[in-house]
There are 2 protein chains.
Amino acid sequence: MLERIRIVLIGTSHPGNIGGTARAMHNMGLADLALVAPRCETLTADTVSRASGADALVHDARTVDTLEEAVADCTLVVGASARSRTLPWPMITPRALGERLPEELAGEERRVALVFGREDSGLTNAELQRCHAHVHIPTNPDFSSLNLAAAVQVLAYECRLAWLAQEKAPATEPPEQPLASHEELEHYFSHLERTLIAIGFHDPATPRQLMARLRRFTLRARPERMELNILRGILSATERLAPRRGDD
Amino acid sequence: MLERIRIVLIGTSHPGNIGGTARAMHNMGLADLALVAPRCETLTADTVSRASGADALVHDARTVDTLEEAVADCTLVVGASARSRTLPWPMITPRALGERLPEELAGEERRVALVFGREDSGLTNAELQRCHAHVHIPTNPDFSSLNLAAAVQVLAYECRLAWLAQEKAPATEPPEQPLASHEELEHYFSHLERTLIAIGFHDPATPRQLMARLRRFTLRARPERMELNILRGILSATERLAPRRGDD
């Protein structure tokens with residue numbers, strides 16, 4: 001189970017935090033690290049010092065340009081978020097996240113990403129809206145910003161506890177239908193937006209959070225691959241009915 | 001409740017870890033920090049950098065020479081321990097520790113210390129035997145040594161969760177009888193050892209873990225102050241019967 005949990009760091013500024021993250025991950029039995037557009041050199045003396053023997057995880061980490069690439073194959077994407085947003089999103093506690101993991105990872109093709117934002121500004125709204133859910137580590141409201149590696153430590157600890165509990169519990173049946181991957185969902189959202197524009201329902205110049213609301217609704221439902229295929233079939237059929245640009 | 005939880009760091013070598021500890025504590029709403037015989041300067045640029053705004057906790061920290069001084073007024077002393085020892089001691093999980101805290105801290109005079117050892121060698125056996133219980137953070141057996149501030153982060157997180165849960169739960173009745181403080185317990189153990197030597201039962205030259213076993217037994221019972229007074233009365237009475245040195 002633990003080998004199918006990926007830690008994703010976006011736009012990290014301090015190599016020490018990458019090292020601290022690697023150490024926290026290895027301590028808890030996690031190994032899959034992805035770095036999205038880091039804003040620093042990722043392997044420095046600071047990295048190695050804070051990793052304290054776990055720098056192999058940084059060597060093995062995948063460095064990519066976008067969140068998309070980092071989580072394309074994941075069936076559940078959870079963003080660590082300190083803030084409540086204008087558009088409320090499904091919010092879970094670290095403990096509830098841990099409790100969900102055995103079921104979320106019951107099938108071999110399942111993969112979970114835990115996404116952490118920049119040291120200074122966290123995740124953008126666009127990044128948060130690519131997540132199925134947000135996880136908030138409870139903190140002192142007067143001093144709420146955790147160190148990045150400390151936040152990874154807390155969630156990785158909950159992952160390990162969930163795994164230990166599950167080792168003792170009877171096996172969860174894998175679901176019959178595979179869930180849609182993040183990449184399939186994003187293709188669907190692009191298709192949906194294109195279609196809504198084509199039919200004159202959506203104007204990207206005045207978006208009024210339409211796509212965000214549709215994302216939230218869809219992600220909450222955890223679509224199966226087959227369901228997404230049906231939805232995309234509907235979109236294709238709809239597109240064919242829409243007036244072509246320059247037609248009328 | 002949180003204001004009566006003390007974090008005790010023994011023999012810390014890296015100022016950055018003291019700063020990281022302060023940040024983790026302040027994030028989780030803890031404020032009481034004690035430093036026992038630190039092996040580094042405690043307030044350096046590294047401390048302030050890792051504390052990231054929480055360095056007031058280091059300014060306010062008490063620096064003392066011995067564990068005794070740091071926990072004298074505490075009614076529960078829990079040592080963070082990675083290793084299983086020759087003499088097994090009551091061992092609890094971080095979660096179980098959190099669940100115990102509301103009751104442990106139900107009376108105003110109650111105070112809990114969480115004790116963390118040196119970065120390189122942890123707590124000594126003598127220090128571990130001064131604890132009522134040991135807490136072990138579950139880790140990857142192949143890479144089990146957590147960063148000091150990361151270990152504080154995990155336990156402080158469990159403290160906060162316990163506090164949040166307790167805020168919602170009905171109040172726990174404070175116990176009728178005050179528990180013995182650490183200092184009272186240590187006076188008792190000194191008295192006990194003196195008495196056992198006086199009556200010829202205990203030879204400090206061949207201790208065979210006698211005192212450790214008696215400590216473990218006594219601490220497990222969580223003696224009330226009044227019970228300890230009774231035990232000390234028994235010791236005094238026994239001492240009076242023992243042959244004086246040089247008598248026989």
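Throughout, a chain's letter reflects where its sequence line sits, starting with A, and its residues are numbered from 1.
Residue with the most contacts toward chain A among B:P138, B:A54, B:G29: B:P138 (heavy-atom pairs, distance under 4.5 Å). Comparing A:P94, A:P141, A:A149 by heavy-atom pairs within less than 4.5 Å of chain B, the highest count is held by A:P94. In terms of heavy-atom pairs under 4.5 Å with chain B, the best-connected choice from A:L2, A:T139, A:L30 is A:T139. Ranked by heavy-atom pairs shorter than 4.5 Å toward chain B, the options A:I137, A:N147, A:D142, A:L161 are led by A:N147.
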Using side chain to side chain contact (heavy atoms under 4.5 Å, CB included), reason through B:Y157 and A:E158 one step at a time and then give a plain yes or no.
CA-CA 11 Å; B:Y157 161 73; A:E158 288 287 358; 2.7 Å; yes

Trace of the side chain to side chain contact (heavy atoms under 4.5 Å, CB included) decision for A:N140 with B:M28
CA-CA 5 Å; A:N140 178 356; B:M28 296 294 129; over 6 Å; no

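For A:R160, the part lying under 4.5 angstrom from a heavy atom of chain B is the side chain only. For chain B, the nearby part of A:A51 is the backbone; its heavy atoms alone come within less than 4.5 Å. Both the backbone and the side chain of B:S145 have a heavy atom closer than 4.5 Å to some heavy atom of chain A. With a 4.5 Å cut-off on non-hydrogen atoms, A:A150 touches chain B through its backbone and its side chain both. For B:R50, the part lying near chain A is the side chain, with the backbone staying farther off; criterion is any non-hydrogen pair under 4.5 Å.
A distance of 4.5 Å separates CG in B:L146 from CG in A:N27, rounded to the nearest 0.5 Å.
At most 12 non-hydrogen atoms from other residues, nucleotides or ligands lie less than 6.0 angstrom from CD of B:E41.
By the 4.5 Å heavy-atom criterion applied to side chains, B:V154 and A:Q153 are counted as neighbours.
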